[in-house]
A.B. asks: 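One structure is given below, represented as structure tokens, and several questions about it will come after.
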Amino acid sequence: MTSRGLILGTVFFALGCASAAPISSVADLTGEWRGRISSPQGHAPAAMAIAADGGFKGTMFLGDGDRSFHGALVVVRPGHVRYQGTDGNGTVRISEENARRVLKFLRDAGGVDAVFRQF
């Protein structure tokens with residue numbers, strides 16, 4: 001392996017490790033998020049805000065009128081986030097896509113409840 005290859009490999013490894021750092025506090029997720037919700041009420045675009053204490057509030061933009069939702073996030077252990085919300089409870093998977101965090105809300109009963117990207 002050339003020294004250039006070794007340097008590039010080391011840089012990519014370091015970047016991969018940095019982006020894979022598990023969430024240790026709900027405050028790490030504070031901010032504005034946009035995405036889509038799938039629920040018994042319908043499938044629609046949505047926006048939400050997550051507070052530093054893990055509380056979240058948002059709006060689902062349905063064709064026949066907007067619907068608000070709320071709930072809370074909690075870090076059970078580093079990298080393991082749970083939610084309790086108006087439409088149920090579940091696990092939150094956190095990933096990165098195009099340098100933006102992505103939250104995928106997975107219902108305990110099965111299925112994907114919502115996918116949000118941070119703005």
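The structure presented is a predicted model; accordingly, all values stated were derived computationally and were not measured.
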A.B. asks: Please name the pair of heavy atoms, one in V112 and one in S38, separated by the smallest distance, quoted to 0.1 Å.
C.D. replies: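 Distance-wise, the nearest heavy atoms are O-CB, 3.8 Å.
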A.B. asks: For residues W33 and I23: do they belong to one hydrophobic cluster (side chain heavy atoms under 4.5 Å, members Ile, Leu, Val, Met, Phe, Trp, Tyr)?
C.D. replies: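 Linked within one cluster.
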A.B. asks: Which distance, rounded to the nearest 0.5 Å, do you find between the CZ of R93 and the CG of L103?
C.D. replies: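 Interatomic distance, R93 CZ to L103 CG, rounded to 0.5 Å: 13.0 Å.
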A.B. asks: If two hydrophobic side chains count as joined below 4.5 Å and joins carry through other members, does I94 share a cluster with V26?
C.D. replies: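 Yes, because I94 and V26 connect within a single hydrophobic cluster, where side-chain heavy atoms sit under 4.5 Å apart.
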A.B. asks: Hey, quick one: are F105 and V115 part of the same hydrophobic cluster, counting side-chain heavy atoms closer than 4.5 Å, chains of contacts allowed?
C.D. replies: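 No, F105 and V115 fall in different hydrophobic clusters.
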A.B. asks: Between CZ of F56 and CD1 of I50, what distance do you get to the nearest 0.5 Å?
C.D. replies: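 So the CZ of F56 and the CD1 of I50 are separated by 7.5 Å.
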A.B. asks: Return the orientation label for the F116 and F69 ring planes: parallel under 30°, perpendicular over 60°, tilted otherwise.
C.D. replies: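 F116 vs F69 ring planes: tilted.
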A.B. asks: Does anything in residues 108-119 pair up under salt bridge (Lys or Arg N to Asp or Glu O under 4.0 Å), and if so which pairs, sequence neighbours excluded?
C.D. replies: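 Counting only pairs at least two positions apart or across chains, the salt bridge (Lys or Arg N to Asp or Glu O under 4.0 Å) contacts touching residues 108-119 are R82-D108, E97-R117, R107-D113.
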A.B. asks: Under the criterion side chain to side chain contact (heavy atoms under 4.5 Å, CB included), I'd like the reasoning laid out for M48 against I37: C-alpha separation, chi angles, the key distance, then a yes or no.
C.D. replies: CA-CA 11 Å; M48 75 169 171; I37 293 180; over 6 Å; no
A.B. asks: Of all heavy-atom pairs between S25 and V75, which one has the smallest distance, and what is that distance?
C.D. replies: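 Residues S25 and V75, closest heavy atoms: C-CG2, 3.8 Å.
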A.B. asks: Which heavy atom of Y83 sits nearest a heavy atom of L106, and at what distance?
C.D. replies: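 Minimum heavy-atom contact is CE2-O, 3.8 Å.
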A.B. asks: Considering residues at least two apart in sequence or located in another chain, which fulfil the side-chain hydrogen bond (donor to acceptor under 3.5 Å, both in side chains) criterion with D53?
C.D. replies: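 So D53 forms no side-chain hydrogen bond (donor to acceptor under 3.5 Å, both in side chains) with any residue.
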A.B. asks: Drop me the distance from S95's OG to R101's CZ, to the nearest 0.5 angstrom.
C.D. replies: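 Reported to 0.5 Å precision, the distance equals 10.5 Å.
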A.B. asks: Could you tell me whether a side-chain N or O of T86 sits under 3.5 Å from a main-chain N or O of H70, the two making a donor and an acceptor?
C.D. replies: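 Yes, the answer is positive, given that a donor and an acceptor are paired below the 3.5 Å cut-off.
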A.B. asks: Write down the atom of Q118, the atom of G31, and the distance for their closest heavy-atom approach.
C.D. replies: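 Here Q118 and G31 meet closest at NE2-CA, 4.3 Å.
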A.B. asks: Of the non-hydrogen atoms in P78 and P22, which two are nearest, and what is the gap between them?
C.D. replies: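 Heavy atoms only, the tightest pair is C-CB, 3.8 Å.
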